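Note that ligands are numbered from 1 as they come in the structure, with each ligand's atoms numbered from 1 the same way. Because the structure is a prediction, the values reported are computed rather than measured. Residues: numbered from 1 along the sequence shown.
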Amino acid sequence: MTIDSFMTAASDYASQVDRTFWLLATISGLITLLVASLIAGFSLRYRRGSSAWRGQLPDRLSRDVEIGWTVATLFLFLFIFWWAAANQLSALDVAGDAMEIHVVAKQWMWRVQQPGGAREINEIHVPENVPVRLVMTSEDVIHDLFLPTMRLKQDVLPGRYTFLWFTATKSGVFHLTCAEFCGTDHSVMAGRLVVMTAPDYARWTNAQPEADDLAHQGEALFRSLGCSGCHAPTSSIHAPDLRGIYGRAVPLADGRVVTADEAYLRDSILLPAKDVVAGFAPIMPSYRGAVTEDELLKLIAYLKSLSRPGTAGVPPASTKETAGDMPALPGGARQ
Ligand code: CUA
């Protein structure tokens with residue numbers, strides 16, 4: 001399959017960006033043309049030795065016209081600012097039902113995990129006309145995911161999640177590159193964004209090697225890492241109940257109230273002493289170094305699934321097999 005030109009606009013947002021670009025280019029071109037012809041005209045008319053009149057201009061010209069065109073251009077540019085800013089801001093409103101695809105960058109490749117569990121390297125398959133939200137992080141240095149045909153670019157940072165979202169409106173194979181110099185092989189850190197019709201995407205997903213979806217893989221990790229030993233409702237160690245945690249407002253011991261988003265869940269696993277939940281002792285051990293970025297994404301996908309209506313919504317009840325493995329934590333009780 002050949003890769004489409006990066007000039008292709010493959011989403012409505014991309015077309016909006018193009019419209020803004022061409023409007024600005026046209027206005028700039030017209031103004032450049034006007035200024036250039038005035039320079040040429042005036043240099044001819046007022047060349048040395050010409051008999052053109054060089055006296056004081058009437059007030060009407062030197063003041064009224066001056067104020068007039070200054071005000072007119074001010075409003076023109078305010079309008080352009082408003083128009084372009086409104087388009088840009090619309091790119092921040094993620095559709096609530098967006099499909100989530102996880103992207104982990106590392107020197108020098110993009111590792112991608114589909115919601116169904118399929119893995120890809122340097123390729124992202126997405127269905128057409130479905131909002132897609134990319135949840136991205138890096139294992140080493142700063143990378144930058146650039147989807148030229150979507151007119152989107154976002155830094156991908158170690159230790160943080162960043163996001164991009166788009167709704168592809170055109171199927172095809174498009175460029176995907178790293179747009180931040182990230183080391184020797186930065187230039188090979190490229191791949192393909194494959195936009196397929198919904199039936200084709202479903203067929204492609206089915207053809208992938210059997211894999212559990214992300215949330216189920218996360219659930220398995222939640223048990224094997226021993227999280228369920230403390231966080232199950234029936235556990236004797238009182239750790240915060242994680243049912244419906246994602247998106248909820250969480251009151252903290254120091255009086256702050258934070259929203260449990262991806263960043264909060266990530267920090268709670270890696271830096272548990274940072275945001276201690278009100279009413280609980282800071283006894284959770286840090287899992288920094290014990291879980292990889294991929295595993296973190298799975299754990300977070302599992303925690304998110306506990307907030308989705310229709311899913312089990314209960315952390316594994318069968319905690320007996322893991323609870324016994326947990327080291328007895330000193331003073332592990334509610335304050
Ligand atoms: Cu990754 Cu440049």
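Ion pairing between Arg151 and Asp18 holds under the 4.0 Å rule for side-chain N and carboxylate O.
Atom 1 (Cu) of ligand 1 is closest to atom ND1 of His143 (considering only N, O or S atoms). Taking atom 2 (Cu) of ligand 1 as reference, the nearest N/O/S atom within His186 carries the name ND1.
Considering atom 1 (Cu) of ligand 1 as centre, the angle to SG of Cys182 and to SG of Cys178 is 110° (10° rounding).
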Counting only pairs under 3.5 Å, give me each side-chain donor-acceptor contact of residues 263-278, with atom names and distances, residues two or more places apart or in other chains.
residue, atom, partner, partner atom, Å
Arg266, NE, Gly159, O, 3.4
Arg266, NH1, Tyr161, OH, 3.3
Arg266, NH1, Glu293, OE1, 3.0
Arg266, NH2, Glu293, OE2, 2.9
Asp267, OD2, Lys274, NZ, 2.5
Ser268, OG, Tyr264, O, 2.8
Asp275, OD1, Arg256, NH2, 3.0

key: Stepwise salt bridge (charged side-chain N to carboxylate O under 4.0 Å, His left out) check, Lys298 with Glu219   = CA-CA 8 Å; Lys298 288 174 192 165; Glu219 182 176 353; over 6 Å; no

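Atom 1 (Cu) of ligand 1 has no N, O or S atom of Gln107 inside 2.8 Å of it. Taking backbone and side chain together, Glu180 holds an N, O or S atom under 2.8 Å from atom 2 (Cu) of ligand 1.
For the residue pair His125 and Glu120, a side-chain donor N or O sits within less than 3.5 Å of a side-chain acceptor on the partner.
Geometrically, Arg133 engages Phe163 in a cation-pi contact, judged by NZ or CZ lying under 6.0 Å from the ring centre and within 45° of the ring axis.
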